[in-house]
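The structure under discussion appears below in the form of structure tokens.
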Amino acid sequence: MNRVQHHPILAEPPHRKLVSFSFDGMTVQGYEGEPVASSLVALGIHTFSFHHKDGAPQGLFCANGQCSQCTMLIDGIPRKSCMTPLEEGMDVRTLKGLPALPAQDEPLVQAERRSIRTDILVIGGGPAGLAAAAELGKLGFQVLVADDKSKPGGKLVLQTHKFFGSEKDCYAGVRGIDIAGILENNAKRYPSVKILPNAPVVAIFKDRKAGIFLNYESYLLVDFTALLVAAGAREKALHFQGCDLPGVIGAGAFQTLVNRDMVRAFKRILIVGSGNVGLIAAYHALQAGIEVAGIVEVAGRINGYQVHADKIRRMGVPIYLNTTIVRAEGTDRVERAIVASVDERYQPMAGTYRTYEVDAVLIATGLASCNEFLQQARSYGIMAVAAGDAGEIAEASSAMFGGRIAAHRLAEMLGKRTSVNPEWEETRQVLASRPGDSYERSPIVPSKEWRPVFFCSEEIPCNPCATACPAGAIHLRPLRGNIMDLPYFDGSRCTGCGSCVAICPGLAITLVRRVTDDQAEVVLPWEFSADFEPDRVFELVDQSGKYLVSATVHAKRRVASRSTWLLTFRVPVDIASRIAGVRVQAEDATRWLEQEDTACIDLDTPLCRCERITLGEIVEFIKANKIRDINQLKTLRVGMGACGGKTCTQLIMKAFKLAGVDPSEVEPATQRPLFMEMPMSAIVNEGMHKLGGKEAGSRGAP
Amino acid sequence: MKHYDVVIIGAGSVGVPLAWQLAEQGSRVVILEQEASWGRGQNRAAIGGIRATHSDPAKIRICLESIEIFKSLESKYGFDIEWRQGGYMYVAYDEKMKQQFLSLLEIQKKAGLNIDWIEPERVVELAPGIRADKLVGGTYSPGDGYASPLMAATAFHKLAMDAGVEFRFGVRVDSIKKEGTNIVSITAGDEEYTADLFVNAAGAEAADLAHLAGFELPVFPDCHEAGVTEPVQRFMEPLIVDILPDADSGNYYFYQANTGQIVFCITPRPQIWGRDKDSTSTFLPLCVRRMMELYPRLRNIRVRRTWRGMYPMTPDGLPIIGYPEAARNFLQVVGMCGQGFMMGPGLGRILTQTIYAGGNFDKPAGSTEFGFLFDELSITRSFEHAELLK
């Protein structure tokens, strides 16, 4: 099975029970309670259905319960395999065409309505939602946090890397997975805060009620006074030839598979997009033992933090700027990806096409706010505020402050005498800042005393090295007067303890000291398995990943509080302070083949994945009917599929532009409930009745 | 100032087919519409049922015409509108209901409808899995069917565009200028339009428009919610209507669209008057419970989306068609009571014939045979006799 073994950061989840289930009649195994989709991917199965319209293969895409591409027949009923926990004896089948409705004709038993009352409904238990809930709890409100996952924390639970920001404000240097637990406990301290897991909100209604598809099997109406939308963001899709093949997935979906379910989903991947999400996905892949052929970025500069990008390059992952994905190819799943350099109009240039042998293409081209609940609530005249990515796309650290601020704003709206701490908004803005200026650092000549060397030259909101240094020897140079400023060593008192090396989220600090006339020691952070042979030769590289020297490890020690290893190497003194990291991935993983230029035919690729409507069909329809209103595309069934337009809405302007329509003229789409499909039996809470082998409605309302 | 033969207010289920038919006959037509595009009012809120199975002869006649036009959209004009002649089936679970249907059958058959009583076995055959206990039978009219309102609206819009109809979207009628009992011009979106004939096809806004023109229309919108599921393999054929009321609701109806989705709607009780189109929490649990009581197999189908639209109601449930005393060149095609989608095309054809046969205030049907229709649906009728089968 393709499972992540010996993850350097993540512990093997305890109490995982292997169970047997049936896939298309074969008996196979997976872990009880993990999503069926993850069990299948671990078995190397990537094709989950064949579309009813054209027989096209479909597979996991968002892994987040949003897109419905992973729908399969589970115990005779079409269900999203990414949201269905695996049970012993389940019958899982590839869905071929439209499903048949099972002839379960026994009369309806015991319909009932379930409802619950709360002051404030918080949609989403991620960093913003949990931080908001704690504040609201402190203010004495009754709060219900409805989260669609089995474990609160939002996307924090996928983040194995240490966070940027500051220790004081937002747990910088702590890994996302651990921050999730801290925030959950903070919120739970208040008895008036209730966190409801497995509780996706499917609708906001005019009569100030929200519908929750509780445990994905029953329907709970929440009668609330005000709404705090912290529903996070969804990944933007990208339209290119072959983008609909199984194996083209969101970077967040990939993180879910690898870091939450510990599935070694692929062997070698290509990442599209150099924002922090794409950069981090490369790091997560390497930790899980998955090769990364490269990151392509259509723009001329890295979109994420420079320290992130440098870290990834040092590990052996190339980042290609001015480069686009042209096509994904394969029979029933991705087998190859073709990329090309682009000209100033972002068009592929002749003679630059090349092919990568990869089995997945990760899309990391940005996030879009999940703000439909906010819009809906406001249009209904319901009191509502947004926090975190649902309001503005930014780092989780900023979302925590956004959550607190939103909580107090809402409290004020509800007539509570309170005020937002003015420092919070300032901190939130700093944490949400885009990178600032870059500065060159002067070369360091190692002396006999330990000292840190910083490979951090771009202003980002981050300072844990300064606060972690027990000697107080690291300071931010006060240019801006906040944590955007770069850290510097004040020239004395370094004991070589390694606190700064171990805490730095960018892995951008080393320690050096001269040990002989021509030898120096350098201490490097290491977040991979330290279970290597003593004579293993490592390739040591400079800040941007250029090879400098090979060496064996002289000493290693683990900083348990940061689950980071510190490796000490003995190297020539003249290059010691230029050594920034250790190459992780062999160059062979990044090889590519030259490819003849081919025409780009994305017009024939579906833009609406659910209904499989191609870009070309949409463009023709817009022209023929003089469409200036997205809602009219519903005639073609665009946006009418299972995802409810969540995927194609991000892409649809491409069609309008190609049809010669100015996007500013286009009337936006109307959003209507439900935001997630729900079976009729769940809507009426049909009694404890055996339905398709699954106990439905067996768990009561909280 | 722009002059047209006909100015139509409302690019919905009534206005667009009428504009198309008129333009086909050579009229210069403009449609003024406050929404951003065609069919954005109640047209697209329709669930798609198309029946001639009414109890009023005028409506039967109009809808028989409509069905011909819907069919011709595919056969003659090449538009896919997902039309399916699956029929309508009204089900009966007690003897009283059966007698009520049987008495209606006489009127319906007399009006030329292809409709008959069917026994429980046939009901189950047409809708496998429907509740069979206490089922006494139903009426079945195989000539009726259903189509996609979105696709039909776009088809009519395209036909109208190609026939030369001009559309003005995003404009509201600001004022109506009259001389005596005739409208001289209508101003909308900073443009003044003159015409020989003006048409009120403003749906739920019809009464407001009439008020601007100096007379009152008894058209009051009420709200209905509808929903659609995921598509599944075909398992039922007719659109099913259960007219039996219960504590919170009147009738409800649903069908399986040509593409496999179940589309459903319920009549709330008491009626919800007004123009609020925002979804409420009461609709789904109510309508789904009633559907599952009738058709338990639906338990496993997933509801995809809901929406809310308005029925522009008249006191007796019948539309208002005609030229009012107070504005004699202002044809009213209003008060469709939730059936604009199924009546619009037929009305468009019939009214075009009457207009081209000299129809006007004095003789609305002109030289055509449709005098009975103007009589029955007249604005000056008593509105006392509610339609038996709504």
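For B:S148, no part lies near chain A; criterion is any non-hydrogen pair under 4.5 Å. No part of B:R308 comes within reach of chain A, as not one of its non-hydrogen atoms sits under 4.5 angstrom from that chain. When heavy atoms are compared at a cutoff of 4.5 Å, B:M151 approaches chain A by way of both its backbone and its side chain. Heavy atoms closer than 4.5 Å to chain B are found in both the backbone and the side chain of A:K634. Both the backbone and the side chain of B:L286 come within contact range of chain A, each with at least one heavy atom under 4.5 Å from a heavy atom of that chain. B:F79 does not touch chain A: none of its heavy atoms, backbone or side chain, sits under 4.5 Å away. For a residue to count as touching a neighbouring chain, one of its non-hydrogen atoms must lie under 4.5 Å from one of that chain's; by this rule A:L674 touches chain B with backbone and side chain alike. For chain B, the nearby part of A:Y219 is the side chain; its heavy atoms alone come within less than 4.5 Å. When heavy atoms are compared at a cutoff of 4.5 Å, A:R628 does not approach chain B at all.
Using a 4.5 Å heavy-atom cutoff, the side chains of A:M680 and B:R302 are not in contact. Annotation: side chain of A:F205 is not in contact with side chain of B:T282 (no heavy-atom distance under 4.5 Å). By the 4.5 Å heavy-atom criterion applied to side chains, A:P673 and B:W307 are not counted as neighbours. Contact of the B:E230 side chain with the A:P78 side chain is registered, since non-hydrogen atoms from C-beta on lie closer than 4.5 Å. Side-chain contact between A:E686 and B:V288 is absent, with no heavy atoms from C-beta onward closer than 4.5 Å.
Summarising the geometry, atom CG belonging to A:L101 is positioned 5.0 Å from atom CD1 belonging to B:I301; distances are rounded to the nearest 0.5 Å. To the nearest 0.5 Å, the span separating OG on B:S279 from CD1 on A:I204 amounts to 11.5 Å. Between atom CG of residue A:L636 and atom CG of residue B:D80 there is a gap of 10.5 Å, rounded to the nearest 0.5 Å. Put simply, CZ on B:R297 and CG on A:D105 are 4.0 Å apart, with the number rounded to the nearest 0.5 Å. Atom-to-atom distance recorded for A:L108:CG and B:R290:CZ is 12.5 Å, nearest 0.5 angstrom.
For A:E677 (side chain) and B:V303 (main-chain N/O), no donor-acceptor pair under 3.5 Å exists by modelled atom type.
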Task: Test side-chain contact (heavy atoms from CB on, under 4.5 Å) applied to B:V232 and A:L98, step by step - done: CA-CA 5 Å; B:V232 294; A:L98 284 182; 5.7 Å; no
Open item on the list: side-chain contact (heavy atoms from CB on, under 4.5 Å) for A:Q671 and B:R305? Distances and angles first, verdict last.
Closed with: CA-CA 10 Å; A:Q671 296 276 357; B:R305 207 161 15 261; over 6 Å; no
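With chain B as partner, the option from A:A682, A:A103, A:P679 having the largest number of non-hydrogen pairs under 4.5 angstrom is A:P679. Of all the listed residues (A:A111, A:G97, A:A100), the one sharing the greatest number of non-hydrogen pairs under 4.5 Å with chain B is A:A100. Heavy-atom pairs under 4.5 Å with chain A peak, among B:R40, B:R234, B:M291, B:R131, at B:R40. Among B:T154, B:T259, B:V228, the residue with the largest count of heavy-atom pairs under 4.5 Å with chain A is B:T154. For the set A:R208, A:Q376, A:K626, A:M640, the count of heavy-atom pairs under 4.5 angstrom toward chain B peaks at A:M640. Your options are A:Q632, A:M678, A:K206, and the one with the most heavy-atom pairs under 4.5 Å with chain B is A:Q632. The greatest number of non-hydrogen atom pairs below 4.5 Å with chain A, out of B:E35, B:R289, B:R44, is found for B:R44. Top candidate by heavy-atom pairs under 4.5 Å with chain B, chosen from A:S68, A:G641, A:A624, is A:G641.
Heavy-atom neighbours of chain A within the stretch residues 266-277 of chain B, taken at a separation under 4.5 angstrom, comprise B:D276, B:K277.
Within 6.0 Å of atom CG in B:D133, more than 12 heavy atoms from other residues, nucleotides or ligands are found, so the atom counts as buried in its surroundings.
When each of A:V109, A:I683, A:V684 is tested with B:M292 by the rule side-chain contact (heavy atoms from CB on, under 4.5 Å), just one qualifies, namely A:V684.
In this model, no donor atom of one side chain and acceptor atom of the other lie less than 3.5 Å apart for A:D207 and B:T280.
Heavy-atom minimum distance, A:N625 versus B:K158: OD1-CD, 3.2 Å.
A salt bridge links A:E611 with B:R304: at least one charged nitrogen is closer than 4.0 Å to a carboxylate oxygen.
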